[in-house]
**Student:** 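Sharing a structure here in structure tokens format.
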Amino acid sequence: MKWTRRDVIKGLGGLPIAGAIWWAGASSSVQSNRERTKLLEQLNIEPSLPRMLPPISGAPIKVGIIGFGIRGEQLCRSLGFATTAWLENMQKAADENPKHTALADFKSQDKLNVALVAVCDVFDVRAQTVLDSFSTGEQPVKRFRTYQEMIRSGEVEAVIIATPDHWHAPMAIDALEHNVHVYIEKPMTHGIEETYRLREAAQNSKARLMVGHQHRQTLSFQTAKDVVNKNTLGHVSMIQTNTNRNDDNGAWNYDIDKKANEQTIDWEQFLGSAPKIPFNKNHFFRWRKWWAYGSGLSGDLLTHDYDRLNCVLNMGIPNSIVASGGIYTHNDGRNVPDVLQANMEFPDFNTGRSQEMGKEKGMTFIYSATLGNSFNRPTILMGHDATMELGNRLTIWPDARSTKYAKMLETNMMRPSVPIYQYDPGASVPDAISSATSQYFADKGLMWTYIDGARVDSTFLHLREWLSGIRNGTELSCGIKEGFEEAITAHMTGLSWKLGRRIDWDPETETIRPIENIDFDAVLLGGTNY
């Protein structure tokens, strides 16, 4: 019986079994159940279950939201607060298509013991939406004009920061210095010097900081840790991970609100440390396209891929990075690249071995991105003994030249064209993904994971972990250490692209190796290529 790779993947996708652990062997008609069981026992991979956390008991945790744009609204929804307009739109979508489950998923979401008590946003329309949607007679929401007023008010215990990148560190540092807990969106910082100041503030504060890499809650990534730790892949010498987007939303050309003007937006407060320019709605709503406010592909999207592999491998900051690319698909005035490739080198990294001692050491991490094509390219971890494709579903393919599996390959117990293992926690759950961009986010574990056959919002799980850490002191999966590694890696990538040269990391001093007559922050935050 001949199997093509496409046939196998197609067949696996619909398996209606909890956890969806599956071994293909050569084919079930040839191999006995005993042999299949023997191989699964030998691999001994254990699918991860969601982390058990103590309840968030006591009085509700008083939370303030700083920045209620696209991501801010999503974060509030994961906390259990959906705007009136969203609820109406999702009800309409469900009425038109019974398979559209967004509203049902939201309503079935567990309740977190939080009170959304405050909002700070420089756009009056967004702030008013929060007040109108979330205020109740028992719990009104208060608007603060500045984040400093909110943090110092004594009315919030914790803040969620979902602003443009250039405000992340100043707001987080101020909150931590006042012992207010922080959930901060990625990238953790906008510049290099402030990355160290934020780390110091977090280390010295009684408050807890969580970085918003919600894919750390995705069960396939947790299971991938077990795969690597048990040396299933052998030594991983190369990782390839990608961004593939090809629409206006994916290229950061977000809608511009018709009510936006100089009277409804506090433009000076939005600019902050950015260069002073006249009021510009394009810059306000599409800020990710400029280095002055955002971090381009390196800070917005590479950080996702780097951190989700860092949570699997714990490889830390690369020794060096070389980046290339340009503005090739959206020549619309932006100054951040829309095509980017970064090669990260980890010359001393090792994930295990099956060959003689000393033969295998070192790894290259390749990140490749385009905002001009949506062809799906999976994340691949390439080991001497096997290759793992990693998304919401995890698949392992044996390598034809494996040392570890040589005998099983010779006896046809394994075949390179057929996966030896797959973990698909959402195999029996129908998806209603409506766009290529949504599919991109879903496959990277950024939208949901699956628990006992039910789809669960990954951001909800990440926020729940943060809130439990605040109330119970439990460990955070993405705290200041992970955030520091993410931020430095992103900034090294941005520097390499701008300078057109390799950027090196000194692990002894924990600093980027200096380059004569170069001010790294001035280069990184400048408007064009250096």
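The first residue in the sequence is number 1, and the count goes up from there.
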**Student:** Any salt bridge (Lys or Arg N to Asp or Glu O under 4.0 Å) involving residues 289-302? Give me the pairs, sequence neighbours left out, ordered by first then second residue.
**Tutor:**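 For residues 289-302: Lys186-Asp300, Arg288-Asp300, Lys289-Asp332.
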
**Student:** Can you check whether Ser78's main-chain N or O pairs, donor with acceptor, with Gln109's side chain at less than 3.5 Å?
**Tutor:**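 Judged by distance alone, yes, a pair lies under 3.5 Å.
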
**Student:** Assess, by modelled atom type and distance only, whether the side chains of Thr83 and Ser133 contain a donor and an acceptor separated by less than 3.5 Å.
**Tutor:**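 No, because no side-chain N or O of Thr83 sits under 3.5 Å from a partner of the opposite role on Ser133.
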
**Student:** For Glu149, give me all partners under salt bridge (charged side-chain N to carboxylate O under 4.0 Å, His left out), at least two apart in sequence or on another chain.
**Tutor:**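 For Glu149 there are no salt bridge (charged side-chain N to carboxylate O under 4.0 Å, His left out) partners, ignoring immediate neighbours.
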
**Student:** Ignoring hydrogens, what is the shortest heavy-atom contact between Glu465 and Thr474? Give both atom names and the distance.
**Tutor:**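 Here Glu465 and Thr474 meet closest at O-OG1, 4.4 Å.
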
**Student:** Would you say Arg126 and Thr129 make side-chain contact, with heavy atoms under 4.5 Å?
**Tutor:**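 They are not in contact (no side-chain heavy atoms under 4.5 Å apart), so the answer is no.
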
**Student:** Mark yes or no for whether Asp521, through its side chain, and Gly191, through its backbone, hold a donor-acceptor pair below 3.5 Å.
**Tutor:**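 No; judged by distance alone, with no hydrogens or angles, the pair does not exist.
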
**Student:** Mind checking ring-ring contact (aromatic ring centres under 6.0 Å, His included) for Phe270 and listing every partner two or more places apart, or none if nothing turns up?
**Tutor:**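 Applying ring-ring contact (aromatic ring centres under 6.0 Å, His included) to Phe270 gives His166, Trp267, Phe284, Tyr293.
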
**Student:** Which residue is it: Glu193, Glu200, Glu194? I am looking for the one with a side chain to side chain donor-acceptor pair (under 3.5 Å) to Arg197.
**Tutor:**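 Only one of Glu193, Glu200, Glu194 forms a side chain to side chain donor-acceptor pair (under 3.5 Å) with Arg197, namely Glu193.
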
**Student:** Name all residues meeting the ring-ring contact (aromatic ring centres under 6.0 Å, His included) criterion together with Phe520; count only those two or more places apart in sequence or in a different chain, and write none if there are none.
**Tutor:**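 None.
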
**Student:** Among pairs that include at least one residue of residues 482-496, which meet salt bridge (Lys or Arg N to Asp or Glu O under 4.0 Å), considering only residues two or more places apart or in two chains?
**Tutor:**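 Salt bridge (Lys or Arg N to Asp or Glu O under 4.0 Å) check on residues 482-496 returns Lys481-Glu485.
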
**Student:** If every non-hydrogen atom of Ala224 is compared with every non-hydrogen atom of Met388, which pair is closest and at what distance?
**Tutor:**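 Heavy atoms of Ala224 and Met388 come nearest at CB-CE, 3.8 Å.
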
**Student:** Supply the atom-to-atom distance His181 NE2 to Lys62 NZ, rounded to the nearest 0.5 angstrom.
**Tutor:**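 Those atoms lie 11.5 Å apart.
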
**Student:** For residues Thr459 and Gln74, is any side-chain donor paired with an opposing acceptor at under 3.5 Å?
**Tutor:**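 No, no side-chain donor-acceptor pair sits under 3.5 Å.
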
**Student:** Decide yes or no for Arg199 and Met188: does some side-chain heavy atom of the first lie under 4.5 Å from some side-chain heavy atom of the second?
**Tutor:**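 Not in contact.
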
**Student:** Would one find more than 12 heavy atoms of other residues, nucleotides or ligands at under 6.0 Å from atom NZ of Lys107?
**Tutor:**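 For Lys107, atom NZ is not crowded (no more than 12 foreign heavy atoms under 6.0 Å).
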
**Student:** Mind checking what makes salt bridge (charged side-chain N to carboxylate O under 4.0 Å, His left out) contact with Asp348, not counting sequence neighbours?
**Tutor:**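 Partners of Asp348 by the salt bridge (charged side-chain N to carboxylate O under 4.0 Å, His left out) criterion, ordered by chain and then number, come out as Lys361.
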
**Student:** Is there a side-chain contact between Tyr183 and Ile160 (heavy atoms, below 4.5 Å)?
**Tutor:**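 With C-beta onward as the side chain, the pair touches.
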
**Student:** Output the distance between atom CG (Leu476) and atom CG (Leu209), rounded to the nearest 0.5 Å.
**Tutor:**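 Nearest 0.5 Å value for the CG-CG distance: 8.5 Å.
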
**Student:** Could you walk me through whether Tyr423 and Leu219 pass side chain to side chain contact (heavy atoms under 4.5 Å, CB included), step by step?
**Tutor:** CA-CA 9 Å; Tyr423 176 55; Leu219 300 193; 3.8 Å; yes

**Student:** For Asn244, does its backbone N or O pair with a side-chain atom of Asn373 as donor and acceptor, under 3.5 Å?
**Tutor:**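 Looks like no, no N/O pair under 3.5 Å.
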
**Student:** Between Trp466 (side chain) and Val211 (backbone), is there a donor-acceptor pair under 3.5 Å?
**Tutor:**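 Side chain of Trp466 to backbone of Val211: no pair is present.
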
**Student:** Does Ile151 form a side chain to side chain contact (heavy atoms under 4.5 Å, CB included) with Val156? I'd like the steps, not just the answer.
**Tutor:** CA-CA 7 Å; Ile151 288 168; Val156 296; 5.7 Å; no

**Student:** The criterion is ring-ring contact (aromatic ring centres under 6.0 Å, His included); which residues satisfy it with Phe134, sequence neighbours excluded?
**Tutor:**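 For Phe134 the ring-ring contact (aromatic ring centres under 6.0 Å, His included) partners, ignoring immediate neighbours, are Phe81.
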
**Student:** Kindly say whether Pro187 contributes a backbone atom to a donor-acceptor pair with the side chain of His168 at under 3.5 angstrom?
**Tutor:**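 Present.
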
**Student:** Given Leu233 and Ile396, is the side chain to side chain contact (heavy atoms under 4.5 Å, CB included) satisfied, shown in steps?
**Tutor:** CA-CA 8 Å; Leu233 307 180; Ile396 302 173; 4.1 Å; yes

**Student:** Who passes salt bridge (charged side-chain N to carboxylate O under 4.0 Å, His left out) against Arg77, sequence neighbours left out?
**Tutor:**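 In terms of salt bridge (charged side-chain N to carboxylate O under 4.0 Å, His left out), with neighbours along the sequence ignored, Arg77 is linked to Glu73.
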
**Student:** Name all residues meeting the salt bridge (charged side-chain N to carboxylate O under 4.0 Å, His left out) criterion together with Asp121; count only those two or more places apart in sequence or in a different chain, and write none if there are none.
**Tutor:**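 Result, salt bridge (charged side-chain N to carboxylate O under 4.0 Å, His left out) vs Asp121: none returned.
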
**Student:** Any non-hydrogen side-chain atom of Ile488 less than 4.5 Å from a side-chain atom of Tyr196?
**Tutor:**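 A side-chain contact under 4.5 Å exists here.
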
**Student:** Under the side chain to side chain contact (heavy atoms under 4.5 Å, CB included) rule, collect the residues that match up with Ser57, sequence neighbours excluded.
**Tutor:**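 By the side chain to side chain contact (heavy atoms under 4.5 Å, CB included) rule, Ser57 matches no residue at all.
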
**Student:** Quick check: does any side chain N or O of Asn343 sit under 3.5 Å from a backbone N or O of Thr364, one acting as donor and the other as acceptor?
**Tutor:**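 Side chain of Asn343 to backbone of Thr364: no pair is present.
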
**Student:** Could you tell me whether the side chain of Arg464 and the main chain of Asp110 form a donor-acceptor pair under 3.5 Å?
**Tutor:**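 Judged by distance alone, no pair lies under 3.5 Å.
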
**Student:** Relative to each other, are the rings of Phe365 and Phe346 parallel, tilted or perpendicular (30° and 60° limits)?
**Tutor:**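 Tilted.
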
**Student:** Can you tell if the side chain of Val236 reaches within under 4.5 Å of the side chain of Val228, non-hydrogen atoms only?
**Tutor:**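 Result no, sub-4.5 Å side-chain heavy-atom pair not found.
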
**Student:** Does a donor on one side chain and an acceptor on the other come within less than 3.5 Å for Thr218 and Arg308?
**Tutor:**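 Distance-only check fails for Thr218 and Arg308.
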
**Student:** Should we say atom CG of Asp255 is surrounded by more than 12 heavy atoms from elsewhere, each under 6.0 Å from it?
**Tutor:**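 It does not: Asp255 CG has 12 such atoms or fewer within range.
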
**Student:** Side chains of Thr243 and Tyr367: is there a donor and an acceptor less than 3.5 Å apart?
**Tutor:**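 There is such a pair between these side chains.
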
**Student:** With rounding to the nearest 0.5 Å, note down the distance linking CG in Asp305 to OG1 in Thr241.
**Tutor:**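 With rounding to 0.5 Å, CG (Asp305) is 3.0 Å from OG1 (Thr241).
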
**Student:** Let me confirm one number: the CE-CG distance from Met363 to Leu381, rounded to the nearest 0.5 Å.
**Tutor:**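 One finds 8.0 Å between CE of Met363 and CG of Leu381.
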
**Student:** Using side chain to side chain contact (heavy atoms under 4.5 Å, CB included) as the criterion, list what pairs up with Asp504, not counting sequence neighbours.
**Tutor:**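 By the side chain to side chain contact (heavy atoms under 4.5 Å, CB included) rule, Asp504 matches Ser320, Arg502, Arg513.
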
**Student:** Please report the interatomic distance CG(Leu495) to CD1(Ile192), rounded to the nearest 0.5 Å.
**Tutor:**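 Leu495 atom CG to Ile192 atom CD1 measures 4.5 Å (nearest 0.5 Å).
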
**Student:** If the condition is ring-ring contact (aromatic ring centres under 6.0 Å, His included), which residues does His235 pass it with, not counting sequence neighbours?
**Tutor:**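 Testing His235 for ring-ring contact (aromatic ring centres under 6.0 Å, His included), a comparison that skips the adjacent residues, returns none.
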
**Student:** Which heavy atom of Gly391 sits nearest a heavy atom of Ser220, and at what distance?
**Tutor:**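 Shortest heavy-atom separation between Gly391 and Ser220 comes out as O-OG, 2.5 Å.
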
**Student:** Stepwise, does the side chain to side chain contact (heavy atoms under 4.5 Å, CB included) test hold for Val456 with Gln217?
**Tutor:** CA-CA 10 Å; Val456 182; Gln217 309 297 330; over 6 Å; no

**Student:** Please check if the side chain of Trp291 supplies one atom and the backbone of Asn335 the other of a donor-acceptor pair under 3.5 Å.
**Tutor:**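 Present.
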
**Student:** State, with a plain yes or no, whether a side-chain heavy atom of Val182 is found less than 4.5 Å away from one of Leu176.
**Tutor:**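 Side chain of Val182 against side chain of Leu176, heavy atoms only: contact under 4.5 Å found.
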
**Student:** Do any N or O atoms from the side chain of Thr189 and from the backbone of Ala487 form a donor-acceptor pair under 3.5 angstrom?
**Tutor:**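 It does not hold such a pair.
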
**Student:** Side chains of Leu467 and Asn113: does their closest heavy-atom pair fall under 4.5 Å?
**Tutor:**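 Result no, sub-4.5 Å side-chain heavy-atom pair not found.
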
**Student:** Assess, by modelled atom type and distance only, whether the side chains of Asp307 and Thr303 contain a donor and an acceptor separated by less than 3.5 Å.
**Tutor:**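 Not at all, the side chains of Asp307 and Thr303 share no donor-acceptor pair under 3.5 Å.
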
**Student:** Could you tell me if the side chain of Leu302 sits less than 4.5 Å from the side chain of Met344, heavy atoms only?
**Tutor:**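 Counting from C-beta outward, Met344 and Leu302 do come under 4.5 Å.
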
**Student:** Donor-acceptor check, side chain of Ser324 to backbone of Leu340, threshold 3.5 angstrom: yes or no?
**Tutor:**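 No, the answer is negative, given that no donor and acceptor are paired below the 3.5 Å cut-off.
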
**Student:** At their closest point, which heavy atom of Gly296 faces which heavy atom of Trp252, and how far apart are they?
**Tutor:**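 Nearest heavy atoms, Gly296 then Trp252: C-CH2, 3.8 Å.
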
